[in-house]
Amino acid sequence: MNLVKARGGCHCGRVEFEVSLGEEITVQHCNCSVCTMTGFVHLIVPASRFNLLKGRDALSEYRFGSKTAIHLFCAHCGIKSFYVPRSNPNGFSVNFRCVRLPGGVKVTEESFDGKNWESDAERLRHLSE
């Protein structure tokens with residue numbers, strides 16, 4: 001698979017990352033309470049394809065429920081540009097809305113039933129492999 005690099009980050013620019021993507025990607029629109037309230041659109045990648053370029057010291061952490069997911073926000077502007085999801089603890093979910101996508105990448109959008117996470121999460125596990 002050919003990989004292309006995309007950059008992204010938070011609103012104020014203190015947090016910046018790079019992610020390696022295939023030429024065809026799928027993003028998920030989740031209906032859970034957090035994603036609905038924040039407008040997060042999931043682009044799940046293996047940890048090996050994610051690189052935090054700057055801003056580790058600007059990140060603030062939030063955990064709830066099972067405390068497995070590590071929600072990371074810029075402590076300055078409040079944007080959650082990526083986090084470690086419960087469904088893929090060995091990867092990252094990048095907020096697709098925070099990515100500057102290079103030309104030529106085909107994007108497929110799908111829905112994910114986060115309100116019923118326990119019954120739907122298994123179909124995401126392969127995304128961080």
For Phe40, which fellow cluster members are found when Ile, Leu, Val, Met, Phe, Trp and Tyr are connected by side-chain heavy-atom distances below 4.5 angstrom, either directly or through intermediates? Tyr83
Do Thr108 side-chain atoms and Thr26 backbone N/O form a donor-acceptor pair below 3.5 Å? no
Which heavy atom of Cys74 sits nearest a heavy atom of Val15, and at what distance? CB-CG2, 4.1 Å
Kindly compute the distance separating NZ (Lys5) from CD (Glu18), expressed to the nearest 0.5 Å. 4.5 Å
My understanding is that only residues two or more places apart in sequence, or in another chain, count here; which of them pass side-chain hydrogen bond (donor to acceptor under 3.5 Å, both in side chains) with Glu109? His29
Linking Ile, Leu, Val, Met, Phe, Trp and Tyr by side-chain heavy atoms under 4.5 Å, what else ends up with Met37? none
Do Phe112 and Ile44 belong together in a cluster built from hydrophobic side chains that touch within less than 4.5 Å? yes
Hey, any chance Leu52 and Phe73 share a hydrophobic cluster, counting ILVMFWY side chains that come within less than 4.5 Å of each other, even indirectly? no
Please identify each residue that fulfils side chain to side chain contact (heavy atoms under 4.5 Å, CB included) with Pro89, with sequence neighbours left out. none
Atom pairs and distances, side-chain donor-acceptor, residues 55-65, under 3.5 Å, sequence neighbours left out:
from	atom 1	to	atom 2	distance (Å)
Glu61	OE2	Arg63	NE	2.7
Arg63	NH1	Lys67	O	2.9

Short side-chain to backbone donor-acceptor contact, Arg97 and Gly39, under 3.5 Å: yes
All side-chain hydrogen bond (donor to acceptor under 3.5 Å, both in side chains) counterparts of Arg86, not counting sequence neighbours: Glu118
Show every side-chain hydrogen bond (donor to acceptor under 3.5 Å, both in side chains) that has at least one partner inside residues 40-52, sequence neighbours left out. His42-Ser93
For His71 and Lys80: C-alpha separation, side-chain torsions, deciding distance, then whether side-chain contact (heavy atoms from CB on, under 4.5 Å) applies. CA-CA 7 Å; His71 298 269; Lys80 180 171 86 169; 2.8 Å; yes
Hydrophobic cluster membership, with links at side-chain heavy-atom distances under 4.5 Å among I/L/V/M/F/W/Y: are Val19 and Ile79 in one? no
Could you tell me which residues satisfy ring-ring contact (aromatic ring centres under 6.0 Å, His included) with Phe50, sequence neighbours excluded, listed by chain and number? Phe17, Phe82, Phe92
Lys115 NZ to Asn31 CG distance, which is reported to the nearest 0.5 Å: 5.5 Å
Which heavy atom in Val105 sits nearest to a heavy atom in Gly22, and how many Å separate them? CG1-O, 3.9 Å
List for me each residue that meets side-chain hydrogen bond (donor to acceptor under 3.5 Å, both in side chains) alongside Glu24, sequence neighbours excluded, and say none if there are none. none
Any link between Val45 and Leu53 through a network of hydrophobic side chains (Ile, Leu, Val, Met, Phe, Trp, Tyr) touching at under 4.5 Å? no
Close side-chain approach of Cys10 and Cys98, heavy atoms under 4.5 Å: no
Residues which pass side-chain hydrogen bond (donor to acceptor under 3.5 Å, both in side chains) with Asn90, listed by chain and number, not counting sequence neighbours: none
Taking all non-hydrogen atoms of both residues into account, name the closest pair between Pro102 and Val4 and its distance. CG-CG2, 4.0 Å
According to side chain to side chain contact (heavy atoms under 4.5 Å, CB included), who are the partners of Lys54, at least two apart in sequence or on a separate chain? Glu16
Joint hydrophobic cluster, Leu21 plus Leu3, side-chain heavy atoms closer than 4.5 Å: no
Once side chain to side chain contact (heavy atoms under 4.5 Å, CB included) is applied, do any residues pair with Cys32, and if so which ones, sequence neighbours excluded? Cys30, Val34, Cys35
